Amino acid sequence: ETGVTQSPTHLIKTRGQQVTLRCSSQSGHNTVSWYQQALGQGPQFIFQYYREEENGRGNFPPRFSGLQFPNYSSELNVNALELDDSALYLCASSQDRVGAKNIQYFGAGTRLSVL
Amino acid sequence: DQQVKQNSPSLSVQEGRISILNCDYTNSMFDYFLWYKKYPAEGPTFLISISSIKDKNEDGRFTVFLNKSAKHLSLHIVPSQPGDSAVYFCAASAGGAGNMLTFGGGTRLMVKP
């Protein structure tokens with residue numbers, strides 16, 4: 001059973017650019033959530049995708065967008081990058097099964113630096 | 001407005017002793033609570049969880065206690081081992097909220113040999 005994998009591991013962009021981060025969910029999981037973790041803070045929920053549709057969104061502007069594909073993998077897109085977007089971006093997957101539903105399993109993250 | 005707070009940024013404990021990590025929350029709608037452990041350069045790893053219908057859940061060396069009236073939970077690690085040294089995050093979710101997790105700021109645990 002493979003875990004959650006994210007790519008790339010590190011990324012450097014300049015202000016104003018656009019970035020796409022990728023995530024493959026754990027086998028058997030159909031729900032993917034994205035989180036942003038700034039240095040020294042806990043992860044903050046960006047949004048979640050369930051069966052290819054957005055299923056909840058945190059307090060992030062529309063320039064943060066996402067996709068989920070039929071194989072349940074996912075992308076996070078950020079347009080018009082700002083310096084404050086520099087953070088670790090974490091992807092987590094979960095099953096939509098009662099009891100296991102709330103357990104999210106995380107990937108190692110993508111470290112984004114915006115210069 | 002921090003709905004989940006971990007007021008101790010760091011904790012140092014001697015190997016073999018008990019580690020107690022604390023977490024407070026403000027949102028009464030939270031009904032499921034989780035602890036994650038994070039090593040550098042790795043993603044958070046799920047450790048243990050508890051539903052709001054319980055007040056204690058145990059898994060090996062790890063026990064989570066929930067006090068709903070005080071809106072407080074704690075993680076006990078007994079006995080502590082050097083390999084437990086990591087950042088521990090408390091997280092909470094509300095039923096029907098699509099599994100959105102609200103995290104605390106984390107507590108760095110250092111277990112000294």
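All values derive from a computational prediction rather than experimental measurement. Chain letters run A, B, ... following the sequence lines, proteins first, then strands; residues in each count from 1.
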With a cut-off of 6.0 Å (strictly less than), are more than 12 heavy atoms of other residues, nucleotides or ligands near [atom1] of [X]?
| X | atom1 | result |
| --- | --- | --- |
| B/Met29 | CE | no |
| A/Asn59 | CG | no |
| A/Arg63 | CZ | yes |

Pick whichever of A/Pro43, A/Ala108, A/Gly42 has the most heavy-atom pairs under 4.5 Å with chain B. A/Pro43
Among A/Ala92, A/Gly107, A/Gly40, A/Gly109, the residue with the most heavy-atom pairs under 4.5 Å to chain B is A/Gly107
If Ile, Leu, Val, Met, Phe, Trp and Tyr residues are connected whenever their side-chain heavy atoms lie under 4.5 Å apart, and connections chain through other members, are [X] and [Y] in the same group?
| X | Y | result |
| --- | --- | --- |
| A/Ile46 | B/Leu101 | no |
| A/Tyr72 | A/Trp34 | no |
| B/Leu75 | B/Tyr25 | yes |

Are A/Ile103 and B/Ser49 close enough, and set up right, to give a side-chain contact (heavy atoms from CB on, under 4.5 Å), and what steps lead you there? CA-CA 8 Å; A/Ile103 306 302; B/Ser49 63; 3.9 Å; yes
Under a 4.5 Å cut-off applied to non-hydrogen side-chain atoms, are A/Leu90 and B/Pro44 in contact? yes
Identify the heavy atoms of B/Tyr36 and A/Gln104 that sit nearest to each other, and give their distance. OH-O, 2.7 Å
By a 4.5 Å heavy-atom criterion (distance strictly below it), what part of B/Ala91 contacts chain A: side chain, backbone, both, or neither? neither
Given 3.5 Å as the limit, does a donor-acceptor pair link the side chain of A/Tyr35 with the main chain of B/Phe103, or not? no
Proximal component of A/Gln37, with respect to chain B [non-hydrogen, under 4.5 Å]: side chain
